[in-house]
Structures are given as C-alpha cells and as structure tokens.
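Single-structure report; data block below.
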Amino acid sequence: MPELAEVDFYRRQWDEGLREKITQVQLHAEKRIFRGTNPRLLEAVRGQRLQSSESAGKQMLFRFSGEFWLGIHLGMTGKLSVGPRDYTPQKHDHLVLFQTKRALVFNDARQFGRVLIHQGKELPEWWSSLGTSVTSDAFTQKFMAEFLERHGRLAIKPALLLQKGFPGIGNWMADEILWRAELAPRRPAGKLKPAELKRLWKEVRFVAREALKKIGKDFGDPPLHWLIHERWKRDGVCPKHKIPLRKETIGGRTTAWCPRCQPS
DNA sequence: ACCCCTGTTCGGCG
DNA sequence: CCGCCGAACAGGGG
C-alpha cells in the first residue's frame, strides 16, 4: 500500500516509543523480510533506546542508542503499529520491539518489504544513497527535467515510479500527478515541452505536499475531487468531465487516466 | 476458482 | 555495460 505520505504516517506510529528502552525483541529471522541483512544483529538492540525516526520516500530509518540503525521498507502490504505491553505477535508480525509500556509492531503479509540493520557511527550507506526528496528545494524543475532526459524513451508513467528520481511516488500518486498535469501516461519522458515540464513539476510537488498534509498526519482522506477516489472503481469517471476513465497496464502497472484531460 | 493488487528485483534480451 | 520488460516474490481480498 504505502507511498510517500502513508509511509510517513506509519513512521510516526512508533514515535510513541521515542526515548524509551527496548526490553525485548521478537522476530521471524528466517523470513524473506530480512534478506540482505543479519537479523541476529537485532538481538543487541535490547536495552537500547529509540532515539529518532525519519522517512525518505518509501524508506524509513529508526535510530537507536548504541549506534544502531534500523531501516524499514513497507513494500506493498507492510505497516507499523503500536500494541499493548502484553501484545501477542500475530502471524505476519515479523518484528516486534517491546518496551515497558508498549510493543512496536512491524507487520507485512506479502513480505515485499524489507528490514535492514546497521551498526556504526555513520549513517548506513543504503540510507545516504537515496534520491532527492521531491518536496525539497533541491528538486527543481531543471533537476527533474534532467532526470527525465536520462530516461527519455521511457513512458512518463513508469518514469515517475523510478525511486531514484521521484522518491516516494507510487502508482496512485503517479496517476494523480499526470491527471492534474494533463499528460497522457504513455508520452515519452524525454519529449515533454517546456510548458508540460513546468506543469508536471508543479503537480509532483503539489500532490506530494498535499498528500503529506492530508494523509501523513492522521491517514485522512485525500481531497474529494482527486482521481484516487475514482481510479479503482470499475466504472470510475474523470472527476472533472465525468466521462469514463481509461485503464491499461503501462510499465507493468495498472494506469487510469482521462482521455479528455490527457489526450495522446 | 480466478483475478486483482498504492513495490522492488532479477534474468533475459536488444 | 546500459536500459527495458516481464516474471517472480507471497498472501489476502473481491
């Protein structure tokens, strides 16, 4: 499920446990979710305090005392939650960090997500090598255009899903952005005119900011007139024209768009 | 039973 | 070596 704003929402769930010690660690060490890392390292998090958390795109980073870093990616079905101190871990709770007053729970049924553990003074490499946040000052129209140029033959829809260039943008946000920018999803990324690039850049930032505001805080609903409310309906219509949306697989992902707003 | 899925990664191909 | 595509991953829900 989670894209930019949902990821940030889930990250905040564990904030309740900031500054408090981990008293016990339960995990499913053999699960795919720990691929590429050593789950045994996590045992040593017992006795350490959760110090801070942040998110970047679809990635989250939790910092613990003792120079421990925990990275989490939620994949398609991952979520973070808080349970009571006597919480009983469920089938897909692959990592549960107990504190005196609560349990910090990571659940992921499909295990497309990932947990990474790192110990050391420096930020882990997998964190520092992430792309430039789409809401930052560094994400300029020029910066975006140069990225699209490097993937010039790729359709704009799958280009928006490249996390190196658009960290946090996922399937629904990409469709929302293209609909608002009035760009057909199959347009080659490298062939947008200056005015189109400007609209795209504006809407990338608008949709990201607005989603963070509405969803990131309390998982509220996206604004009423947004495409997201129509895109998964069987008979979804353009919020603006009320005509049926087109739906096709583009770059392996279901894509919905309005043929009138977004002409080829 | 069958088909869908807000995500990444890897192998094959050009 | 680079970039793109489809399949695979694993499970739940309609």
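In the text below, chain A, chain B and the rest are named by the order of the sequence lines, each starting its count at 1. Just so it is clear, the structure is predicted and the values come from calculations on it, not from any experiment.
Here the P atom of nucleotide B:dG7 and the CG atom of A:Asp175 are 10 Å apart, to the nearest Å. For the pair A:Lys247 NZ and B:dC4 P, the interatomic distance rounds to 13 Å; values are reported in whole Å. The distance between atom CG of A:Leu160 and atom P of B:dT8, rounded to the nearest whole Å, is 13 Å.
Comment: A:Glu248 engages A:Arg246 in a salt bridge, judged by a side-chain N to carboxylate O separation of less than 4.0 angstrom. Between A:Arg11 and A:Asp8 there is a salt bridge, with a side-chain nitrogen of the basic residue lying less than 4.0 Å from a carboxylate oxygen of the acidic one.
Here C:dG12 is the nucleotide among B:dT8, C:dG12, B:dC5 with the atom lying nearest to any side-chain atom of A:Ala109. Of the listed nucleotides (B:dG7, C:dG11, B:dC4), B:dG7 has the atom at the smallest distance from the side chain of A:Arg253. Picking from C:dG11, C:dC4, B:dT8 the nucleotide with the shortest atom distance to the side chain of A:Leu154 gives C:dC4. Residue A:Trp232 places its side chain closer to B:dC5 than to any other of B:dG7, C:dG12, B:dC5. For A:Lys91, the side-chain atoms get nearest to C:dG12 when compared with the rest of B:dG7, B:dT9, C:dG12.
Ring geometry for A:Trp226 against A:Trp172 counts as tilted: the plane angle lies between 30° and 60°, on a 0 to 90° scale.
Each of A:Gly152 and A:Lys31 was matched to the nucleotide of DNA chain C holding its nearest heavy atom; the match closer to the 5' end belongs to A:Gly152.
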